[in-house]
Amino acid sequence: MLESVPEEGMTRRDFFNWASRWGASVLVGGALFDNQWVKLFREPDALEARAADRWVYSTCCFCAVGCAVWLGVRDGQVVAVKGVADYPVNKGYLCVKGIYQYKVIHTGNRATRPLVRGPAGFSPVSWDAAIELVAGRFMEVVNAHGPHALAIYHCSQLLLEEYYAIAKLARGGIGTKNLDANSRLCLSSVAQGYLRSFGADGPPGNYDDIEHADCILMIGTNTAEQHPILFYRLRRAKQDRNPAVILVDPRRTPTAEIADYHLAIRGGTDAAFLNAIIHVLINENLVDYDFVKAHTTGFDSLARSVKDFPPEMAADITGIPAETIRGAALVYGRAKAALTLWMVGVNQSTSGTRQVNLINNLSLLTGNIGRRGTGPFSISGQCSSMSVREAGSSTALPGGRHFDSKKDREELAALWNVPVERIPDREGPVTTDLWEEMADGRIKALWIIASNPVVSMPDAGRFRELMSKLDLLVVQDCYADTETASMAHVILPGAMWSEKTGTFTNSERRVNMVKKAVEPPGEALPDWEIVTLIGRKMGYGALMNFRSSEEIFEEWRRVSQGTVVDMSGMTHERIERLRGIRWPCPSPESEGTARLYTDLRFNTPHGKARLIPGVYKGPAEDVDEEYPLHLLTGRVLQLWQTNTKTRNVDELMSEVPAPFVEIAPQDARRLGVVDWEEVKVVSRRGSIRVRAWVTDRVPPGHVFVPFHFGQAPANWLTIRRLDPYSHQPALKSAAVRVEKPSGREQP
Ligand SMILES: Nc1nc2c(c(=O)[nH]1)N[C@H]1C(S)=C(S)[C@@H](COP(=O)(O)OP(=O)(O)OC[C@H]3O[C@@H](n4cnc5c(=O)[nH]c(N)nc54)[C@H](O)[C@@H]3O)O[C@H]1N2
Ligand SMILES: Nc1nc2c(c(=O)[nH]1)N[C@H]1C(S)=C(S)[C@@H](COP(=O)(O)OP(=O)(O)OC[C@H]3O[C@@H](n4cnc5c(=O)[nH]c(N)nc54)[C@H](O)[C@@H]3O)O[C@H]1N2
Ligand code: SF4
Ligand SMILES: [Mo]
């Protein structure tokens, strides 16, 4: 069992300063958003900005809100960032991460040369030698053990063009089924859920809907911290039009500031809540039967599935009073335009896909789709996580083509001029299935492009153990010292955002430009180029004939033509000029599509959307006497993912000085734990030492640990239990106990 080492550093007094500052700035959202963070960042850091001698158009490298930025460049370095004032998403505003993002580029820990591990550690080699070595070993594995023995795993912060190149090499060249992205941990339940309900993946609406909704139901999203500019828009909408806002989250996060009702749901029980809402909608005659009849199938079986699920029953499970559930259903059901927003609090569950389908059902039952202010809107996570879903390197084939459609596979094979048999006819095995495949030796080589799974995977301690058994681990990252890179046999240095040109698609399907502003450090190369070089060396030169990312985009336009994500009418030039274009954009005249399904025809054979029951099955791991607390995991405003980028930014790091656990005052008292005391959080998988933040942000019976910290990884505690449809892991539910490090057990 893994145990993290104690943290040194901040004193208790520092902590109180920090907690009170953070408490004031984050919890009192008004101060935060109007005064300290957003308005402040309408302008760049004045000193640095004056020094910039040119400004390059781009998109923020962090979250999927997708704010457009100007990168201020001087002497070959990005020295400042400011928002693009005429960009419809952020209108010139940036959040705190956005404004400091130039500090993640020119750092001392960047990967600058290919490195190969030898008996005495890593030594630099030339690109020729590195490509020869990697491609040669990959071919050996493929020839000896078949294509599936080589697995490829990447993040969702690369360019759309890069995902397409990876997908083409993996699916059309190598023919491995083992290609996946970290969106498996993030949005795969959304992709499955949209596909099952509407016949295609993709959020129906857009951000403007926030400004037109009468009711906004927010589930499992801490928008204030994780999508701050979107929250700013929500906050403005709340002030201007006063829609009813219902927030469903066990924690009282800063997002609760705009909520009329904060429903502190017990972790892992959203399906029960949603079934009860549907029960009330049906019983109170709030269903739009004309809509249901004309545009959906499956009403009778859905109605049967919730018949015996009244709010009283959900109240016992969720901890939300029955009257509150009924009230929320009435507010939602009576709204003229009702919108749902959700994020990984819903998706990272063994019921993730079912919960997405239940959310979709709410819109379908009440006719809240295809028009302004409505729809089930899944916010996405990283800057280009939508691009992954489009380009086909995770949950679908390129263009949202279906694995199980012979027609789709034939079409793709013809476009690529490869035998159709090479293209997998079903999804997976996927990344979260790798454990078994690695344990029994089916996977010999793993190529990780831009991900840090040693910190981000569920039950990460076990994953680390399995990784150490691989014959070959190649890690391609922009930093040389990530926890995962340190385990590699070969490290390939990737150029990062601002050092290469391409596109990102944001949560509302808006494709925007990401432009090269500076040269990569040392010998680092754009990821598409590394993938192309390796592909060519492996013998797939005919497929991997790209000379620039513009060329890849040109090919991608053709490949996407006629699909749900059609980008054939986009060019890099048009995208920048129009300030982003939302797909589908099927012709050079098209300015994109604001909303899907406005004609109420869905992508199913009969054109109707499917109402799909979602039975409540309980959280992934129940609490018990030994492990009595429900562990919630997630994020904080200042830090990004496994913190490889943000740890380079002092302004952000100083705001979150050490790994911590949020624990409710009642639980802390019972354990005799005081603020900032070091405690152990223990699960059946491992234990970590962190500081205790005693706060009523988290309800009794629950604790919250951010997953950012490699030195105390929340994922040593989490469990690898998967959603049956999407294979997304339940990263938000585990049973833990909190102990004093002396070993005194919880009473
Ligand atoms: N600052 C910052 N911003 C980010 C990121 C980052 O690392 N840092 N990462 C980006 C990425 S990749 C993603 S996916 C998004 C994630 O964005 P969010 O989903 O908003 O972020 P999380 O903090 O992971 O989880 C959101 C909330 O889910 C709640 N929750 C936990 N369990 C449950 C449950 O069972 N039911 C309900 N209803 N709620 C639950 C948690 O209390 C938490 O407040 O953020 C993106 N933006
Ligand atoms: N317990 C718990 N675990 C979680 C979550 C949770 O809420 N709770 N959330 C999950 C979610 S939603 C996500 S998205 C995952 C994220 O998990 P990871 O995929 O591990 O996320 P990152 O830390 O963003 O890793 C991206 C890596 O790519 C590198 N990189 C960035 N840009 C580039 C580039 O252009 N080129 C190259 N070559 N490298 C680059 C970065 O340095 C970093 O090492 O974590 C998941 N894990
Ligand atoms: S809200 Fe997201 S996209 Fe916008 S500046 Fe902040 S991190 Fe970047
Ligand atoms: Mo994510």
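Every number for a ligand or one of its atoms is a count from 1 in the order of the listing. What you see is a predicted model, and the numbers here were worked out from it, not measured in a lab. One is the number of the first residue; the rest follow in order along the sequence.
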With atoms numbered from 1 as shown, which atoms in ligand 2 lie under 4.0 angstrom from a non-hydrogen atom of K500? 34 (C), 35 (O), 36 (N)
Which segment of D527 sits under 4.0 Å of ligand 2 when only heavy atoms are counted: side chain
State the atoms of ligand 2, each with its element, that fall below the 4.0 Å cut-off from a heavy-atom position in Q476. 38 (N)
Is M496 close to ligand 2, meaning an N/O of one under 3.5 Å from an N/O of the other? no
Does V454 offer a backbone N or O that forms a donor-acceptor pair with the side chain of T484 under 3.5 Å? yes
Is L341 close to T223 at the side-chain level, that is, under 4.5 Å between some pair of heavy atoms? no
For the backbone of V346 and the side chain of S349, can you confirm whether one donor and one acceptor N or O come within less than 3.5 Å of each other? no
If you measure from each non-hydrogen atom of I449 to ligand 2, which part falls under 4.0 Å: side chain, backbone, both or neither? neither
Taking heavy atoms and a distance under 4.0 Å, where does N452 meet ligand 2: side chain, backbone, both or neither? both
Tell me whether A495 reaches ligand 2 (any heavy atom closer than 4.0 angstrom to a ligand atom). yes
Would you check if the side chain of N512 reaches a backbone N or O of F504 as a donor-acceptor pair within less than 3.5 Å? no
D481 and R647 ion-paired at < 4.0 Å: yes
Quick one, M653 with V656, criterion side-chain contact (heavy atoms from CB on, under 4.5 Å). Give me CA distance, side-chain angles, the key distance, then yes/no. CA-CA 5 Å; M653 286 302 284; V656 192; over 6 Å; no
Electrostatic pair K500:E161 at N-O distance under 4.0 angstrom: no
Near L158, which atoms of ligand 2 are under 4.0 Å from a heavy atom of that residue? 34 (C), 35 (O), 36 (N)
Less than 3.5 Å apart, any donor N or O on the side chain of N182 or Q382 sitting next to an acceptor on the other? yes
So do the side chains of L263 and F273 get within less than 4.5 Å of each other, counting heavy atoms only? yes
Using a 4.0 Å cut-off on heavy atoms, what residues surround ligand 1? Order them by chain and number. C63, K97, C186, I219, G220, T221, N222, E225, Q226, H227, V248, D249, P250, R251, T253, I265, G267, G268, D270, M343, V344, G345, G381, Q382, L632, G634, R635, V636, L637, L639, W640, Q641, H708, K732
Residues E257, R235: salt bridge by 4.0 Å N-O rule: yes
Please work out which of the three classes, parallel, tilted or perpendicular, describes the rings of Y163 and H154, given edges at 30° and 60°. parallel
Atoms of ligand 2 close to Y479 [distance to a heavy atom under 4.0 angstrom, numbered from 1]: 42 (O)
Under a 4.0 angstrom heavy-atom cut-off, which atoms of ligand 2 come close to T482? 44 (O)
